Amino acid sequence: MARAPQRDVVPRGALRALVLASLAEADLHGYALARQLEERSRGALKIREGSLYPALHELELEGAIEATWTRAPDGRRRRVYALTRAGRRIAKGARAEWLAIADMLRALLAS
Amino acid sequence: MQDELDRFVASLAIPDDRKGVVRAELTDHVACAAEAAVREGRDPDAAARAALGDLELLRRALEAVEPAFRITRWHAVGRGLAASVLVAIALDQGGALMRGVVGALVALSVALVCAPPRALEMLRAEMRSARVRGALGVVRGIPIGPALAYAVTVMSGPFVVWIALIVQRASAGLPVDDAPWSAFAVAVAVQAVLLVEGIRARIQAAA
């Protein structure tokens with residue numbers, strides 16, 4: 001099966017929805033989050049750091065996620081993100097919204 | 001690599017406490033990329049450099065978001081209330097001079113001087129936020145951040161103060177004047193900025 005071409009630009013709202021969906025499953029730090037999304041897309045998606053961290057910080061400002069300081073095995077400081085209660089509600093809404101958009105595009109483009 | 005990262009973070013136009021957060025977060029990101037490269041038999045230095053991506057893109061995005069961490073909503077409301085009191089008193093007590101262009105300019109200047117630092121960048125970041133359902137679950141809208149809190153307070157606050165002054169004057173039996181057009185300058189300017197930035201944010205989201 002042909003591998004999907006890699007995309008290095010994720011629509012802004014879609015990245016937020018993907019971040020929230022990943023954090024709904026587990027608390028993650030930035031690098032782990034980016035790699036998880038890339039692996040799940042089987043390499044079709046490349047998460048740019050230029051959009052990931054600002055998106056995380058915006059979600060933090062909105063109160064959708066919160067960050068805690070931890071330590072990596074070698075002792076360096078690490079910020080781990082987790083969904084807040086409001087974030088769970090936002091994540092659910094974003095997921096439904098983007099699935100509806102995907103269904104609509106599929107229906108429109110397949111016809 | 002770390003030196004380059006430190007220089008980049010030092011050059012960012014963001015609050016100093018946020019520089020510490022960004023530096024630690026990017027340092028961890030780069031180190032993770034280098035460790036993964038070692039595990040997979042790739043060049044760790046090249047992986048670390050690639051992990052940072054386009055620094056100018058990162059700079060623009062961080063400088064748009066980070067200043068908002070310095071200002072809380074309550075801080076912004078406090079600034080808005082201070083501006084409201086100043087505008088209302090200036091227009092109310094300024095006599096005929098404050099009823100026209102001068103009054104409008106004074107009101108706008110006060111609103112600008114009292115605005116939180118980088119309010120426009122904050123407003124743009126807030127306007128780009130995803131819409132969420134409100135606490136009552138009836139209406140959907142963008143969450144109100146510090147910039148919007150300031151805009152709403154400075155737009156409506158002068159009228160509240162002014163109405164209180166009018167009521168106080170009327171109850172003392174003193175004559176009450178009509179509102180001069182300069183009283184609406186801040187409200188109109190804020191509405192215009194919200195409209196323009198709202199449309200910009202929707203266009204950017206659609207793109």
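Worth knowing before you read on, the calculation uses all heavy atoms, side chains too, and leaves out hydrogens, waters and symmetry mates. Remember, predicted model here, so these are calculated numbers, not experimental data. Chain letters run A, B, ... following the sequence lines, proteins first and then strands; every chain starts at 1.
Interface summary for chain A: among B:R60, B:E35, B:R59, the most heavy-atom pairs under 4.5 angstrom belong to B:E35. Between chain A and the options B:A64, B:P146, B:A51, the largest number of non-hydrogen pairs under 4.5 Å is found for B:A51. The greatest number of non-hydrogen atom pairs below 4.5 Å with chain B, out of A:R35, A:R89, A:E60, is found for A:E60.
Only the side chain of B:R18 has a heavy atom closer than 4.5 Å to any heavy atom of chain A. The contact between A:R76 and chain B is made entirely by side chain atoms (from C-beta outward), counting heavy-atom distances below 4.5 Å. Neither the backbone nor the side chain of B:E56 comes within contact range of chain A; no heavy atom of the residue lies under 4.5 Å from a heavy atom of that chain. When heavy atoms are compared at a cutoff of 4.5 Å, B:A31 approaches chain A by way of both its backbone and its side chain.
For B:I144, the CD1 atom counts as loosely surrounded, since its 6.0 Å shell holds 12 or fewer non-hydrogen atoms of other residues, nucleotides or ligands. In B:W74, the CH2 atom is not crowded: 12 or fewer heavy atoms of neighbouring residues, nucleotides or ligands sit closer than 6.0 Å.
Considering every non-hydrogen atom in both B:V65 and A:L61, the closest pair reads O-CD1, 3.8 Å. For A:Y31 against B:A36, the heavy-atom pair with the smallest separation is OH-CB, 3.4 Å.
The OH atom of A:Y53 sits 6.5 Å away from the CG atom of B:L26 when rounded to the nearest 0.5 Å.
When A:R78, A:H29, A:H57 are each tested for a side chain to side chain donor-acceptor pair (under 3.5 Å) with B:E25, only one passes: A:H57.
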Go through the steps to decide whether B:V21 and A:R79 satisfy the test side-chain contact (heavy atoms from CB on, under 4.5 Å), and finish with yes or no.
CA-CA 8 Å; B:V21 171; A:R79 275 191 118 209; 3.6 Å; yes

